[in-house]
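Quick notes on the structure that follows.
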Amino acid sequence: MNFQSRRVQTMNYNVSAHSWKRTHYTMEITPDLDGKEVTLTGWIKEIRDLGGIKFLLLRDKDGIVQITVPRDEVDRQIIEQVDKLQRQDCVSIRGTVRRMDKAPRGVEVTPKSIIILNTAKQPLPLDITGKTPADIDVRLDARILDLIRDEAQAIFRIRHVTLEAIREFFSKNGFIEIHTPKIIATATEGGANLFPVAYFEREAFLAQSPQLYKEQLVIDFEKVYEIGPTFRAEKSHTRRHLTEFISVDIEEAFATAEDVMSVAEQLLQHVCRTVNEKCRRELDILKYRVETPSIPFKRLTYDEVINELRENGIKISWGEDIPTVAYRTLGKLHPYFYFIIDWPTSLKPFYIKPRDGKPEISEGFDLMWHWIEIASGGTRVHNKDLLIKRLKEQNLNPESFKYHLQVFDYGMPPHAGWAIGLERLVMMLTGIRNIREVVLFPRDRFRLTP
RNA sequence: GCCCUGGUAGUAUAGUCCGGUCUAGUAUAGGCGGCUGUCGCCCGCCCGACCCGGGUUCAAAUCCCGGCCAGGGCGCCA
């Protein structure tokens with residue numbers, strides 16, 4: 001090739017430099033597009049250079065397609081561009097689709113023009129192919145790169161499908177989606193510690209639950225649900241605790257605990273079925289299987305639970321809460337979903353209704369999956385005088401609940417509800433053992449960044 | 001708040017118990033070179049690390065003390 005012709009070719013190359021806008025996503029590249037010219041955008045995930053032929057794996061939001069570069073079949077300018085490419089460089093590639101049995105998915109693209117839209121600094125802080133594993137601490141520090149891994153992609157697709165299924169279920173069943181304030185005025189409910197925030201000249205708090213608001217809203221909408229963040233300033237540092245997590249809450253007017261337990265069962269069955277149907281590929285990646293539960297779920301009374309635990313060597317006297325070791329034992333005895341009902345009233349929050357005629361027993365329940373609590377709820381107190389009595393019994397000041405209590409003068413119906421911890425549900429659906437894995441940017445006792 | 005375990009190249013590990021051929025091994029990533037069908041490609045060469053501070057000792061990655069950081073567990077947690 002003489003100087004003249006090379007120069008002409010360079011000019012042609014420059015003239016033909018394509019717009020970087022994509023024509024197809026990687027997963028749309030199929031063998032039947034053989035011979036067609038396409039433009040793809042994405043990131044280089046892996047490079048395998050065999051000398052005379054080079055394979056690039058181009059990743060976009062849906063998947064991967066192989067870019068094949070046979071040295072003697074493409075322009076020198078392409079080779080020069082390709083030789084510059086590194087893992088995680090951001091590129092636009094225009095090229096020809098080729099049906100090829102030897103390629104992944106039976107198809108590959110041979111480039112005609114490459115635009116490097118941005119480069120990635122090497123070496124990367126972790127292996128985006130996931131072949132060299134990194135500790136969770138390292139991965140969370142470089143979370144954006146970590147989320148490229150197939151496992152992470154699978155987890156968050158399952159999380160997405162879970163949320164979609166939940167919303168679909170609620171819509172079909174007549175619930176309306178609400179959003180209640182996350183900045184609240186007073187630390188009212190007792191129990192979990194709240195995070196204080198500086199709110200202009202006052203102190204405010206991050207909400208630990210939409211509980212009071214959702215109860216009030218049953219007057220206006222009867223059936224409400226909220227999927228939103230909750231904040232808990234607990235010093236727990238375990239693989240099932242976060243300081244910020246997503247709570248899936250419902251509240252329903254003219255309903256009892258048994259009614260909303262039924263809603264929970266149906267919802268979980270629907271979610272498990274949907275994830276099984278829509279996330280086969282993701283479950284394969286995670287090497288996990290979700291069993292679609294049959295309903296109704298087992299209902300164990302608190303009394304039955306403590307008897308069962310006693311038979312297994314764990315002594316709990318009536319009225320005591322169930323410690324973690326005991327839950328682990330219970331999880332072995334009941335390996336899937338089960339409710340624990342008939343809790344002592346003293347162990348439940350003030351808004352849980354004591355049973356009529358037997359007030360030491362409450363109408364509260366917990367929904368367990370193995371040894372982990374994934375939901376809790378119950379029939380609520382809807383009588384104002386009883387609610388005030390319950391507040392006092394729990395050493396809470398009715399005065400600080402004045403805005404909540406006034407609503408009980410406006411025709412508060414009997415109602416019931418529950419809350420599911422979304423992350424714990426996603427752990428269950430993915431088989432992931434550390435809750436931080438199922439949150440994009442987890443917050444725990446010690447982690448506030450990135 | 002308490003308890004346990006750990007901290008070695010960008011990442012993941014071996015070595016630590018029982019101090020000395022550790023000039024710190026290996027894999028992967030990264031750099032350079034070679035290789036035309038890879039799909040955890042392969043081959044050769046190279047770069048790169050003992051968390052910080054103090055102590056013991058002739059000698060410390062290794063033992064001791066303190067700190068920091070991380071992981072896990074307990075308590076706590078609607």
Side-chain angles (χ1 to χ4, degrees), chain A residues 45-57 64-74 83 86-88 98 100-106 108 110 120-142 145-146 149-150 188-194 207-212 214-215 230-243 245 247 249 321-328 343 347-352 362 364-367 372-378 380 394 396 417-421 424 433-434 436 444-447:
Chain A
K45 189 165 183 190
E46 278 186 78
I47 300 167
R48 282 189 280 274
D49 185 357
L50 276 67
I53 190 166
K54 194 165 191 168
F55 302 102
L56 307 172
L57 300 186
I64 279 181
V65 73
Q66 176 165 287
I67 309 295
T68 304
V69 190
R71 277 186 188 269
D72 58 3
E73 289 176 42
V74 300
D83 285 343
Q86 298 273 23
R87 278 188 180 186
Q88 197 49 21
R98 290 208 299 199
M100 176 59 66
D101 292 340
K102 286 181 281 191
R105 291 177 27 233
E108 62 191 15
T110 304
K121 197 178 165 204
Q122 304 292 330
L124 297 169
L126 49 80
D127 179 4
I128 57 174
T129 70
K131 287 165 194 162
T132 303
D135 290 341
I136 188 155
D137 179 47
V138 172
R139 292 195 287 107
L140 292 176
D141 281 344
L145 289 177
D146 181 47
R149 294 164 40 248
D150 292 342
T188 49
E189 288 183 51
N193 296 311
L194 300 185
Q208 58 171 310
S209 151
Q211 183 64 35
L212 305 184
K214 70 173 179 174
E215 282 193 54
T230 56
F231 306 91
R232 306 221 174 151
E234 297 303 330
K235 291 182 176 172
S236 308
H237 191 63
T238 78
R239 57 196 165 83
R240 62 186 189 285
H241 284 93
L242 294 165
T243 51
F245 63 92
S247 177
D249 271 84
D321 210 345
I322 299 172
T324 306
V325 271
Y327 278 121
R328 287 182 193 267
W343 286 85
L347 292 178
K348 286 291 166 187
F350 69 89
Y351 47 78
I352 293 289
S362 77
F365 63 85
D366 283 0
L367 174 56
I372 293 180
E373 178 193 331
I374 64 165
S376 72
R380 318 303 191 184
Q394 302 221 347
L396 293 166
W418 46 250
I420 291 179
R424 288 184 176 181
R433 299 173 65 86
N434 189 328
R436 278 163 266 207
D444 63 37
R445 170 92 163 87
F446 299 107
R447 179 175 285 276

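FYI, side chains are in, hydrogens and waters are out, and symmetry mates aren't considered; it's all heavy atoms of this structure. By convention in this document, chain letters (A, B, ...) are assigned in the order of the sequence lines, proteins followed by strands, and residues within each chain are numbered from 1.
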Phosphate contact ([N] OP1 or OP2) by [X] side-chain N/O below 4.0 Å:
{"X": "A:Lys131", "N": "B:rU28", "value": "no"}
{"X": "A:Arg445", "N": "B:rC2", "value": "no"}
{"X": "A:Asn434", "N": "B:rG72", "value": "yes"}
{"X": "A:Arg436", "N": "B:rG71", "value": "yes"}
{"X": "A:Arg328", "N": "B:rC74", "value": "yes"}
{"X": "A:His237", "N": "B:rG71", "value": "yes"}
{"X": "A:Arg424", "N": "B:rC77", "value": "no"}
{"X": "A:Thr324", "N": "B:rG75", "value": "yes"}
{"X": "A:Arg48", "N": "B:rG37", "value": "no"}

Exercise. Show your reasoning for whether side chain to side chain contact (heavy atoms under 4.5 Å, CB included) applies to A:Leu57 and A:Arg48.
Key: CA-CA 9 Å; A:Leu57 300 186; A:Arg48 282 189 280 274; 3.7 Å; yes
Atom [atom1] of [X] to atom [atom2] of [N]: distance rounded to whole Å?
{"X": "A:Ile372", "N": "B:rG73", "atom1": "CD1", "atom2": "C1'", "value": "14 Å"}
{"X": "A:Gln208", "N": "B:rC76", "atom1": "CD", "atom2": "C1'", "value": "13 Å"}
{"X": "A:Asp366", "N": "B:rC77", "atom1": "CG", "atom2": "C1'", "value": "12 Å"}

Quiz item: If you measure from the P atom in B:rA61 to the same atom in B:rU16, how many Å do you get, rounded?
Solution: 14 Å
Quiz item: With both distances under 3.5 Å as the test, what is the Watson-Crick or G-U wobble partner of B:rG53?
Solution: B:rC65
With sequence neighbours left out, write down each residue that passes side-chain contact (heavy atoms from CB on, under 4.5 Å) with [X], or none if nothing qualifies.
{"X": "A:Pro133", "result": "none"}
{"X": "A:Arg328", "result": "A:Arg239, A:Arg240, A:Thr324, A:Trp371"}
{"X": "A:Ala103", "result": "A:Gln66, A:Met100, A:Glu108"}

Self-check item: 5′-ward residue of the pair A:Leu126/A:Glu73 relative to RNA chain B
Solution: A:Leu126
Considering only [options], which nucleotide approaches the side chain of [X] most closely?
{"X": "A:Glu234", "options": "B:rA70, B:rG37, B:rC77", "result": "B:rC77"}
{"X": "A:Thr132", "options": "B:rC77, B:rG71, B:rU11", "result": "B:rU11"}
{"X": "A:Gln66", "options": "B:rU38, B:rC41, B:rG71", "result": "B:rU38"}
{"X": "A:Ala134", "options": "B:rG73, B:rA12, B:rA70", "result": "B:rA12"}

Quiz prompt | All side chain to side chain donor-acceptor pair (under 3.5 Å) counterparts of A:Asp150, not counting sequence neighbours | solution = A:Lys45
Practice problem: Could you pull out all residues at least two apart from A:Asp83 that satisfy side chain to side chain donor-acceptor pair (under 3.5 Å)? | Solution: A:Lys54, A:Arg71
Quiz item: Under 6.0 Å from the CG atom of A:Asp101, do we count more than 12 heavy atoms belonging to anything else shown?
Solution: no
What nitrogen or oxygen pairs link the protein and nucleotides 30-34 of chain B at under 3.5 Å?
{"from": "B:rG31", "atom 1": "OP1", "to": "A:Gln86", "atom 2": "OE1", "distance (Å)": "3.3"}
{"from": "B:rG31", "atom 1": "OP1", "to": "A:Gln86", "atom 2": "NE2", "distance (Å)": "2.3"}

Quiz item: Hey, does A:Gln208 have a side-chain heavy atom less than 4.5 Å from the side chain of A:Glu234?
Solution: no
Quiz item: Taking N and O atoms by type only, does the side chain of A:Ser236 place a donor or acceptor under 3.5 Å from a partner on the base of B:rC77?
Solution: no
